[in-house]
Amino acid sequence: MTDTADIIIIGSGASGAAAAWSLSRDKSLRIICFEQGSIADSSDYPTKSTDWELARSGSFSFDPNIRKNSADYPIDDSKSPISIANFNGFGGSTILYSAHFPRFHPSDFRVKTLDNIADDWPLSYSELEPFFNENEKIMGVAGLVGDTAYPEYNSLLPPIPLGDMGKVMAKAFNKKNWHWWPSYAAINTDKRKSRASCINIGPCNVGCSQGAKGSVDVTYWPLARLNGVEVYTESRVYEITLDSKGLADGVLYLDADGVEHKCKANIVIVACSGIGTPRLLLNSKSLAFPDGLLNDNGLIGKNLMIHPLAYVEGVFEQDLKSSLGPHGCCILSQEFYETRDDHDFVRGYTMQILRGAPPIETAISGYFMRQLSIGKKHHEQFDNLFNHTAGIAIIAEDLPELHNQVELDYDNKDLFGLPGVKVHYKLSDNTKKILKHGIKMSKEIFSEVDAKVTSSFAPVKNTGWHLMGTARMGTDCQTSVVNKYGQAHQVKNLFIVDSSIFVTSSAANPVATAQAITLFACDYIRKNIANIV
Amino acid sequence: MINTVLDTFIPGDYKLGMPPASKVDFNAYQLEYGIQQIVIDFLSELTKISIDTFAKEFKELDEEQRMHVLGAFKLINIRLFSTFLKHSFQAYYSDKGVLSILQVGASPPFPEGNVLEEDDWNILIPVYERGSIYRKFDKD
């Protein structure tokens with residue numbers, strides 16, 4: 001069967017959804033989005049039952065190799081100290097993310113000019129600013145305007161409550177005279193149209209059954225579908241095809257039964273994540289691109305950045321009810337975000353204060369961290385841990401390096417025999433120094449409030465959510481894949497709009513910036529569509 | 001014997017009002033999560049170590065001896081020991097009755113949620129007083 005659209009979007013996650021909404025405002029366009037997973041029903045999310053914590057190691061695991069849903073493809077990350085985390089389904093990884101939503105800083109786009117490392121981006125913070133604002137309105141971002149670590153924000157929803165633990169940690173940062181701020185979180189804290197507000201239950205990252213978390217299935221997609229965007233779920237795009245002039249002319253995909261189909265289009269937009277996008281491009285081989293689409297310069301899959309994390313946990317004597325509230329979002333500090341003369345590393349990190357662990361995690365990690373035993377003292381020790389803990393996650397800015405890469409894995413294939421991916425990633429010396437510094441500073445913070453540090457380590461293995469850089473943007477077609485609009489240098493009607501086009505990683509969670517870039521790119525497409533097709 | 005093992009891991013604590021692990025429905029848990037073979041393997045290994053060490057079955061041992069056997073088990077087969085222990089914790093700490101006693105806040109399906117008090121943002125005064133810290137530069 002052959003279908004025809006004006007625009008095809010591949011991937012329904014954070015960027016695919018934003019692209020669908022942005023382009024759907026021109027209702028003359030037929031837009032089809034292909035999603036290899038299915039639509040999750042929020043009433044099926046694990047938080048409906050008391051054993052929700054167990055789903056994190058099963059069907060709602062962020063590790064595709066554990067989850068093994070039919071939409072997942074194998075990811076061999078044995079050559080990486082950090083495992084890849086994602087979710088393949090309608091809404092993409094936003095279904096399981098913690099909804100951290102800070103923007104990149106202005107300086108993040110100018111690291112070559114400012115710090116003489118990596119490359120500057122071909123676009124700037126000020127170009128993206130209107131799109132940050134637009135995106136935050138649609139995603140529903142909670143926070144507080146006036147953050148001294150950023151240029152001014154227009155408006156935000158009321159911030160997520162700090163809770164007793166957050167207040168204690170805030171005081172610790174005040175004692176050190178270090179920056180801190182309430183987290184930026186795509187979590188609804190006010191009643192908005194059809195969405196309920198957050199009720200502080202905690203487990204955002206097994207899917208928010210309340211619908212308060214701004215996953216794109218409840219933010220962008222209802223608007224885009226209302227505008228007529230069609231979504232083909234359980235439809236696995238395995239190749240982008242080119243016509244005789246070298247333009248993208250559509251995609252080949254497999255339906256849920258593995259039957260092959262073709263869909264033609266005038267414009268193809270790729271939004272499959274920093275892993276899925278290079279996988280698709282590398283699998284799209286042709287006479288023009290025998291090593292994979294757009295891979296004539298060998299950059300597809302290279303320069304993978306992943307935001308290595310360190311983690312430090314502190315235990316307080318007092319019960320701070322620390323497990324209540326959205327787990328990942330409490331406060332952040334960007335005191336050590338930028339390059340400083342007194343550091344032995346360039347660039348820096350964000351510290352995110354995480355709430356205390358839920359009961360099962362408290363028991364298991366408490367036992368293996370030797371904070372809790374079995375036998376007579378078990379309950380007393382559990383009582384001293386549960387709701388008494390706080391975590392500090394140190395998000396390091398890793399720099400683009402060619403050897404950190406994604407490649408196709410023909411030994412491990414998905415349900416329909418399409419290749420999986422292999423990830424090769426090594427921590428640089430600079431990253432190691434950042435993580436070490438972050439751990440030291442986190443310990444200082446805990447000592448300010450007499451919390452006992454019970455664990456500290458880096459890198460944290462299961463944290464490879466932030467996948468960036470594998471199809472980078474730039475002005476030179478020899479050193480980049482797309483221009484600042486995500487438009488492929490070599491195929492002018494092919495666009496990439498997810499975080500794979502990032503030039504550098506910053507030390508902030510990437511979703512807000514990825515979506516702003518998507519809106520920026522789609523604004524360009526809408527205004528220039530006659531010249532593109 | 002499974003109840004004896006579970007209660008050795010997590011005995012009741014009447015001062016804190018916590019029930020022993022045998023009071024939760026571990027049988028239902030093991031059926032739901034398909035861990036029957038793990039349980040069989042664990043109990044078989046435990047019996048062997050118990051008999052080898054004390055010439056008695058695990059359930060016939062006193063508390064000190066049981067802890068000794070579990071310590072030996074951990075050294076001999078850490079993987080099986082850890083797997084079974086994790087399941088014991090999971091079964092216990094997902095039990096509705098246990099969660100209710102722990103006062104974990106709202107229990108699923110979370111009809112009310114948890115209330116966190118409103119914040120007094122004067123706590124940010126020291127941060128404001130320091131002024132802007134983001135890196136400014138001439139050409140954007």
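Just so we're on the same page: letters track the sequence lines, and every chain starts at 1. Small disclaimer: the values here were computed from a predicted structure and weren't measured. Only this structure's heavy atoms are used, side chains among them; waters, hydrogens and symmetry mates stay out.
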Which atoms of [X] come close to chain A, meaning under 4.5 Å heavy atom to heavy atom: side chain ones, backbone ones, both, or neither?
X	value
B:Leu85	side chain
B:Leu16	side chain
B:Ile123	both
B:Ser88	neither
B:Ser132	both

Counting a contact as any heavy-atom pair under 4.5 Å apart, which residues of residues 33-63 of chain B contact chain A?
B:Tyr33, B:Glu63
Heavy-atom count around [X] [atom1] within 6.0 Å, excluding the residue itself: above 12?
X	atom1	answer
A:Lys167	NZ	yes
A:Glu152	CD	yes
A:Lys176	NZ	yes
B:Lys15	NZ	no
A:Asp341	CG	no

Let me confirm one number: the [atom1]-[atom2] distance from [X] to [Y], rounded to the nearest 0.5 Å.
X	Y	atom1	atom2	result
B:Glu117	A:Asp164	CD	CG	6.0 Å
B:Glu129	A:Asn174	CD	CG	9.5 Å
B:Leu99	A:Glu53	CG	CD	8.5 Å
B:Tyr93	A:Ile360	OH	CD1	10.0 Å
A:Ser373	B:Met67	OG	CE	6.5 Å
A:Leu54	B:His87	CG	NE2	9.0 Å

Parallel, tilted or perpendicular: which fits the ring planes of A:His379 and B:Tyr92, with parallel below 30° and perpendicular above 60°?
tilted
Parallel, tilted or perpendicular for B:Tyr128 and A:Trp181, by the 30°/60° rule?
perpendicular
Worked verdict on A:Glu361 versus B:Phe89 for side-chain contact (heavy atoms from CB on, under 4.5 Å):
CA-CA 9 Å; A:Glu361 189 183 331; B:Phe89 284 158; over 6 Å; no
Run B:Tyr134 and A:Tyr337 through ring pair (Phe, Tyr, Trp, His ring centres under 6.0 Å) and show every step you take.
CA-CA 9 Å; B:Tyr134 80 87; A:Tyr337 194 90; over 10 Å; no
Worked verdict on B:Phe137 versus A:Arg110 for side-chain contact (heavy atoms from CB on, under 4.5 Å)
CA-CA 9 Å; B:Phe137 47 95; A:Arg110 293 290 175 269; 3.7 Å; yes
Scanning both residues in full, the closest heavy-atom pair of B:Val104 with A:Pro359 reads CG1-CG, 3.7 Å
What's the shortest heavy-atom distance between A:Gly375 and B:Pro11, and which atoms?
O-CD, 3.3 Å
Can you find a heavy atom in the side chain of [X] that is under 4.5 Å from one in the side chain of [Y]?
X	Y	result
B:Ile10	A:Ile374	no
A:Leu162	B:Trp121	yes
A:Phe368	B:Lys86	yes

Which donor-acceptor pairs under 3.5 Å do the side chains of residues 320-333 of chain A make with protein atoms, sequence neighbours left out?
residue  : atom : partner  : partner atom : Å
A:Ser322 : OG   : A:Asn387 : O            : 3.3
A:Ser322 : OG   : A:Thr389 : N            : 3.4
A:Ser322 : OG   : A:Thr389 : O            : 2.7
A:Ser323 : OG   : A:Asn387 : OD1          : 2.7
A:His327 : NE2  : A:Arg355 : O            : 3.1
A:Ser333 : OG   : A:His179 : O            : 2.6
A:Ser333 : OG   : A:Glu335 : N            : 3.3

Any donor and acceptor pair, going by atom type alone, linking the side chain of A:Asp51 with main-chain N or O of B:Ser94 inside 3.5 Å?
no
Which atoms of [X] are under 4.5 Å from chain B, going by heavy atoms: the side chain, the backbone, both sets, or neither?
X	result
A:Trp52	side chain
A:Leu114	both
A:Thr362	neither
A:Phe173	neither

Tell me, out of A:Ala149, A:Cys198, A:Pro159, A:Ser107, who's got the most heavy-atom pairs with chain B below 4.5 Å.
A:Ala149
Can you tell me which of A:Pro158, A:Gly58, A:Ala363 forms the most heavy-atom pairs within a distance under 4.5 Å of chain B?
A:Ala363
Before giving the answer on side-chain contact (heavy atoms from CB on, under 4.5 Å), spell out for A:Ile364 and B:Gln90 the whole-Å C-alpha distance, their side-chain angles and the decisive distance to 0.1 Å.
CA-CA 8 Å; A:Ile364 293 174; B:Gln90 288 177 172; 3.9 Å; yes
Name of the residue among B:Val115, B:Asn114, B:Leu116 meeting side-chain contact (heavy atoms from CB on, under 4.5 Å) with A:Pro161:
B:Leu116
Can you tell whether the side chains of B:Arg135 and A:Asp115 come within less than 4.0 Å, N to carboxylate O?
yes
Per-residue tally against chain A (heavy atom, under 4.5 Å) across B:Val98, B:Asp7, B:Leu102 peaks at B:Leu102
